[in-house]
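Below: the structure, in structure tokens.
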2 protein chains.
Amino acid sequence: MRASDRAYAALKSDIVEWRLIPGTVLAEVEQSARLGVSRTPLREALARLSAEGLTAAQTGRGVVVTDISLAKMTQLFDVRLALDCKAAELAAVHRDPHVFTALAQRFEAASSLIAGADPDRRDYYALVSELDVAVDDAADNQFLRQAQGQLRAQLVRIRRLAKDNSERLLASAAEHAQIARSIAGGNTDLAIAATKIHLHNSLAHLLASKLSFDAGFAPSRKAHLNG
Amino acid sequence: MRASDRAYAALKSDIVEWRLIPGTVLAEVEQSARLGVSRTPLREALARLSAEGLTAAQTGRGVVVTDISLAKMTQLFDVRLALDCKAAELAAVHRDPHVFTALAQRFEAASSLIAGADPDRRDYYALVSELDVAVDDAADNQFLRQAQGQLRAQLVRIRRLAKDNSERLLASAAEHAQIARSIAGGNTDLAIAATKIHLHNSLAHLLASKLSFDAGFAPSRKAHLNG
DNA sequence: TCCGCATTCTCTGTATACACGGCGCGGGCT
DNA sequence: AGCCCGCGCCGTGTATACAGAGAATGCGGA
């Protein structure tokens, strides 16, 4: 694997998992030393991250990890609403029914995943990713896939803010199961409706979590600067 | 201005204006010599172009200018339908009525622009861009803006394939006027409907142009390779 | 004559050295 | 004592040198 790919993957992982918090300045020499690559591939990695919006280039001061405001989360979900609904619509037309029926069944049995010991619920989120990939594959649209990819990087980072209690996750699983069943049935209207429902509930949950997160943990902006 | 920015702008211009046709291999040393920059900033420019989908990195053989198939045009407009409708919807909510009323009036008087001498209709397309920018500004959504930006780069290139006769351009102007008036009126449903109409007609026109273009000018794939 | 292998050549990927610019700090002047 | 100017350092932006990998071509054998 190329050094620039390793640097990109490492930085992206560090950002979405909050090891590098918003506001952190990513100096080239510092990061290249930390990651064990030279400045050239690191610059390529930073350019890719900036194109995805995970970092932003500040004139003279290098690139900084972007922050996530309430307004941005709402904006993100506005675009997700448009893209995910279109993806669900296209997938419902071109889908292989067996694939989505199988996914629906796994979501309907997801309570075992959610009840598991892992506090990060990796098994459950892996299943969600499987559905995302299946929808992308069925939609078969490279532009849609590309646009979705950029949004999902932000989304994984936002997810860490959410208080993922079992209650919400069980509801989320049911919503995903509804989406998968609708796509399996080839019902575009239903697939779109189910997607709208899910995104609405997800955003509502995230906004509530973000409010309590800001209130309880990082009330001032200073906490973002001493990374 | 930075050398990487100049290289990016020059290459992007060369690609969207068909001076570099699809299939052309952009070797780093060759292009860096042609553009008068060194390989490092050129690589950054190529990376940005590849992220936008105007070029694609082929393992070992460098980056090549991507081609535009009928299927890709349809895919592109599927995503545009989702994003432009969402943009129109958001713009209709947050708009400044005066801005869009003025734009609607200019589109209604656009026959003078279309009747002009310029075969490329730059004045008219500049007006279209003004509307795009106004919608983006009114929608006020950075993620939407980012996704739109990537699609529009492809679109400008596709536009060059279209046989822009006065008839279609007059109809297009009327459709844009309808969109602007709907947004000015704050009517989201109407703005979405007008956008759908316009995109449908645009795609139909482009597909017809592409068919005759492929049939009359580049029937074989060889023409893409000797760039 | 055709297929396969090896060699060579070119191109990418990476590292490093250098230049330019901005920002901060310290000293001097008012 | 406060403000302004200048010097120095750190940071990015660019150029270039080097190494490794992949593809094309040519030669030899079947």
Side-chain angles (χ1 to χ4, degrees), chain A residues 1-15 20-67 221-222 224-227, chain B residues 1-15 19-67 221-227:
Chain A
M1 187 186 269
R2 294 182 302 178
S4 59
D5 289 335
R6 277 187 288 118
Y8 169 77
L11 282 171
K12 185 170 180 176
S13 164
D14 285 342
I15 292 171
L20 292 173
I21 63 174
T24 306
V25 176
L26 302 177
E28 292 181 1
V29 284
E30 171 194 351
Q31 293 301 318
S32 64
R34 183 175 75 92
L35 299 174
V37 300
S38 103
R39 278 184 58 214
T40 308
L42 181 88
R43 281 176 67 83
E44 190 177 320
L46 290 176
R48 285 168 69 183
L49 290 170
S50 295
E52 287 184 13
L54 288 176
T55 62
Q58 274 192 350
T59 312
R61 210 183 296 175
V63 310
V64 299
V65 180
T66 53
D67 70 334
R221 199 163 187 77
K222 279 187 201 164
H224 286 174
L225 298 176
N226 51 8
Chain B
M1 185 187 270
R2 295 182 303 178
S4 59
D5 289 336
R6 278 187 287 119
Y8 169 76
L11 282 171
K12 186 169 181 178
S13 164
D14 286 343
I15 292 171
R19 288 189 292 271
L20 292 173
I21 63 173
T24 306
V25 176
L26 301 178
E28 291 180 2
V29 284
E30 171 194 350
Q31 293 300 317
S32 64
R34 183 175 76 91
L35 298 175
V37 299
S38 107
R39 278 183 58 211
T40 307
L42 182 87
R43 282 175 68 83
E44 189 178 320
L46 290 176
R48 284 168 69 182
L49 290 170
S50 296
E52 288 184 13
L54 288 176
T55 62
Q58 275 193 349
T59 313
R61 211 185 292 176
V63 310
V64 299
V65 180
T66 54
D67 71 335
R221 200 165 185 76
K222 278 187 200 163
H224 287 173
L225 298 176
N226 50 7

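Naming: A, B, ... by sequence-line order, numbering from 1 per chain. No experiment lies behind these values; they were computed from the predicted model shown.
- In this structure, a donor-acceptor pair under 3.5 Å is absent between the side chains of A/Ser32 and A/Arg43.
- Remark: A/Arg48 pairs with A/Asp5, A/Tyr8 by the side chain to side chain contact (heavy atoms under 4.5 Å, CB included) rule, at least two apart or across chains.
- B/Thr55 and B/Ser50 are linked by a side-chain donor-acceptor pair at a separation below 3.5 angstrom, with hydrogens and angles left out of the test.
- Evaluation of the salt bridge (charged side-chain N to carboxylate O under 4.0 Å, His left out) rule for B/Arg6 yields no partner, not counting sequence neighbours.
- The nearest whole Å value for the distance from the CG atom in B/Leu42 to the C1' atom in C/dC11 is 13 Å.
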*asked:* Counting primed atoms plus P, OP1 and OP2 as sugar-phosphate and everything else as base, spell out the protein contacts along nucleotides 12-18 of chain C at 4.0 Å heavy-atom distance: B, S or - for each nucleotide, 5' to 3'.
replied: BBBBBB-
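- Look at CD on A/Gln58: it is 11 Å from P on C/dC23, rounded to the nearest Å.
- In terms of heavy-atom proximity, A/Val29 sits nearest to A/Arg39 at CG1-CD, 3.9 Å.
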